[in-house]
S.K.: 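Below you will find the structure I want to go over with you.
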Amino acid sequence: MVSDSYARIYAAVRRIPVGRVATYGQIARVAGRVGARQVGYALHRLRDESVPWHRVINARGEISLGGEAGDVQRAMLEGEGVELDARGRVDLERYRWRGGA
DNA sequence: ATGTTGACCGACT
DNA sequence: GAGTCGGCCAACA
């Protein structure tokens, strides 16, 4: 059984619609009483495929992973219709999920 | 129990 | 835009 905080984080991530993205801080607020850092840590430890972790990016609209994982995440986002610029950055004003609050 | 570390954020220079 | 700093809190050695 995962901790309560993690459960809330995962639940929040699952609410992100396809083709949309959310920031760590945003998830942290929706989950409630969780630090943004905890969200990143929770997703790192995550291995559950029912959670769309790839739709979670940092406040700058960039993918926070390096190496292959980052490449994979970018590919999955593009596959859902999210556009990324040359720097691998997402236009938050346009793709940011506006639910949850 | 203590000290580091980390898929972060916001404010400041 | 780029670099620094403090705050956040759980996992790990």
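Letters A, B, ... mirror the listed sequences (proteins, then strands); counts begin at 1.
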S.K.: Any chance you could measure Y24(A), atom OH, to Q38(A), atom CD, to the nearest 0.5 Å?
M.R.: 13.0 Å
S.K.: For Y41(A) and A59(A), find the nucleotide of DNA chain B closest to each by heavy atoms; which residue's nucleotide sits nearer the 5' end?
M.R.: Y41(A)
S.K.: Please list, by residue number, the residues of residues 74-95 of chain A whose heavy atoms come closer than 4.0 Å to an atom of DNA chain B; answer none if no residue qualifies.
M.R.: none
S.K.: Would a 4.5 Å heavy-atom cut-off, applied to side chains only, mark L65(A) and Q73(A) as touching?
M.R.: yes
S.K.: Could you state the atom-to-atom distance from CG of L43(A) to P of dA10(C) in whole Å?
M.R.: 15 Å
S.K.: Quick check: do I16(A) and V21(A) have side-chain heavy atoms less than 4.5 Å from each other?
M.R.: no
S.K.: State, to 0.1 Å, how close V34(A) and A28(A) come at their nearest heavy-atom pair, and which atoms those are.
M.R.: O-CB, 3.3 Å
S.K.: Hey, which sits more toward the 5' end of DNA chain C by its nearest nucleotide, R45(A) or R33(A)?
M.R.: R33(A)
S.K.: Whole-Å distance between dC9(C) C1' and R8(A) CZ?
M.R.: 13 Å
S.K.: So where does chain A start and stop touching DNA chain B, 5' to 3', when the test is distance under 4.0 Å to a non-hydrogen atom?
M.R.: dG6(B) to dG10(B)
S.K.: Test your reading of the model: is there a side-chain donor-acceptor pair from Y10(A) to the backbone of A42(A), 3.5 Å cut-off?
M.R.: yes
S.K.: Salt bridge between E80(A) and R20(A), side-chain N to carboxylate O under 4.0 Å?
M.R.: no
S.K.: When rounded to the nearest 0.5 angstrom, what is the spacing between CZ in R55(A) and CZ in R14(A)?
M.R.: 12.0 Å
S.K.: Hey, does T23(A) have a side-chain heavy atom less than 4.5 Å from the side chain of N58(A)?
M.R.: no
